[in-house]
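Position 1 is the first residue of the sequence, and the numbers go up from there.
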Amino acid sequence: MRYIDFLERKRHKYPKHGFDTIWMPDKAFDYQKHIIDVSIKKGRIGVFADTGLGKTLIQLSIAENIIRKTNKKVLILTPLAVAFQFLKEAEFIGVDDIEHIKGSNHTKKIVVCNYERIHHLNSSDFEAVILDESSILKNFDGKIKHQITNFMKKIPYRFLSTATPSPNDFIELGTSSEALGYMGYMDMLGKFFKTNQNSVDSNNRNIGEKFYLKPHAEKDFFAWVNQWSIMCKTPSDLGFTDDRHILPDLIKNINLIHNNSML
């Protein structure tokens, strides 16, 4: 066996948990269709697309495919005051079996609920869960983070969606991996990071300030992240055109107002 083949066998590889895409909205752009297709086939993935790339449409399309495949319910967890966007977008792409709940009762196939109300729900009622603005998981010791991770453990299909997957440091990606059912963030720290302290202690505060990515592990780290996520700031990152996302130059109008009372 060649040494390179030996190293390849040691690399972390995750199986696919999904299925072939069943339905695609006509109004989705080409890059959105690509993300939807990859996500459904993976079954558990983080969709880390920048602001304005249509993550709401992508999430609803994933949910509709899960329903058509399993005929079971999908839960979409959102921050406060965001749920109405999903209802509006669902109408736009022709998804109608959706509701926003504020308690524990739900009658539709797609259930949209705020993170703060997750304790009202039973995970066994859902075949899939989608986290909108999933950067909420970045808090290592947060109560909601633990609630969400425990809630998702037995759910077959899991999806994360945020434009800011790692705003402060790379180790925050570990909480996303753990929520999806892949490597836990403490295991990730031990594999890819070095600490300037004597031990790996999950109870340390500001844990991101105590760890740094091993220089020789940088390539393997991002190859690992690439197995369970799809990232893009623009459609061209995925091989598509940016024509629809090129903003016009910003026009600045400066108006000076003199306060005569100060004269």
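Relative orientation of the Phe48 and Trp228 rings is perpendicular, given thresholds of 30° and 60° on the angle between their planes. Taking the six-membered ring for Trp and thresholds of 30 and 60 degrees, Phe170 and Phe221 have ring planes inclined between 30 and 60 degrees apart. Ring geometry for Tyr157 against Phe19 counts as perpendicular: the plane angle is over 60°, on a 0 to 90° scale with 30° as the lower cut. Using the six-membered ring where Trp is involved, Phe126 and His106 have ring planes that are tilted, between 30° and 60° apart.
A salt bridge is absent between Asp37 and Lys33; no separation between the charged side-chain nitrogens and carboxylate oxygens falls under 4.0 Å.
In this structure, CH2 in Trp224 is found 7.0 Å from CG in Leu173, a value given to the nearest 0.5 Å. Once rounded to the nearest 0.5 Å, the distance linking CG of Leu75 with OG1 of Thr78 reads 9.5 Å. Leu180 contributes atom CG, which lies 9.5 Å from atom OG1 of Thr149 (distance to the nearest 0.5 angstrom).
Taking the six-membered ring for Trp, Tyr185 and Phe193 have ring centres at least 6.0 Å apart.
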Please list, one pair per line, the donor and acceptor atoms closer than 3.5 Å that link side chains of residues 58-65 to other protein atoms, with sequence neighbours excluded.
unit_1 : atom_1 : unit_2 : atom_2 : d
Gln59  : NE2    : Lys55  : O      : 3.1
Gln59  : NE2    : Asp132 : OD1    : 3.1
Gln59  : NE2    : Ser161 : OG     : 3.4
Ser61  : OG     : Leu57  : O      : 2.8
Glu64  : OE2    : Arg68  : NE     : 2.9
Glu64  : OE2    : Arg68  : NH2    : 3.3
Asn65  : OD1    : Ile22  : N      : 2.7
Asn65  : OD1    : Trp23  : N      : 2.8
Asn65  : ND2    : Trp23  : O      : 2.8
Asn65  : ND2    : Ser61  : O      : 2.8

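The neighbour count for Asn105 CG, taken as heavy atoms of other residues, nucleotides or ligands under 6.0 Å away, does not exceed 12. Within a 6.0 Å radius of NZ in Lys214, other residues, nucleotides and ligands contribute more than 12 heavy atoms. Atom CD of Gln85 has more than 12 heavy atoms from other residues, nucleotides or ligands within 6.0 Å. Surrounding CD of Gln147 are more than 12 heavy atoms belonging to other residues, nucleotides or ligands, all under 6.0 Å away.
No donor-acceptor pair closer than 3.5 Å links the side chain of Asn114 to the backbone N or O of Glu116. Judged purely by atom type and a 3.5 angstrom limit, Lys42 has no side-chain atom pairing as donor or acceptor with the backbone of Ser229. Between the side chain of Arg44 and the main chain of Gly18, no donor-acceptor pair closer than 3.5 Å is present. Between the side chain of Ser177 and the main chain of Met183, a donor-acceptor pair closer than 3.5 Å is present.
Scanning both residues, Gly103 and Leu121, for their nearest heavy atoms gives O-CD2, 4.0 Å. Residues Phe192 and Leu213 come closest through the heavy atom pair O-CD1, 3.3 Å. Pairing each heavy atom of Phe86 with each of Val112, the nearest pair is CB-CG2, 4.3 Å. Nearest heavy atoms, Ile93 versus Pro25: CB-CB, 4.2 Å. The shortest heavy-atom contact between Ile155 and Glu127 is CG2-O, 3.5 Å.
For Lys108, the side-chain hydrogen bond (donor to acceptor under 3.5 Å, both in side chains) test picks out no residue, with sequence neighbours left out.
Residues Leu53 and Tyr31 are in side-chain contact: their nearest non-hydrogen atoms beyond the backbone lie under 4.5 Å apart.
Among the candidates Asp242, Thr241, Asp243, the single residue satisfying the side chain to side chain donor-acceptor pair (under 3.5 Å) test with Ser236 is Asp242. No option in Ile66, Asp96, Asp97, Ile76 other than Ile76 meets the side-chain contact (heavy atoms from CB on, under 4.5 Å) test with Ile110.
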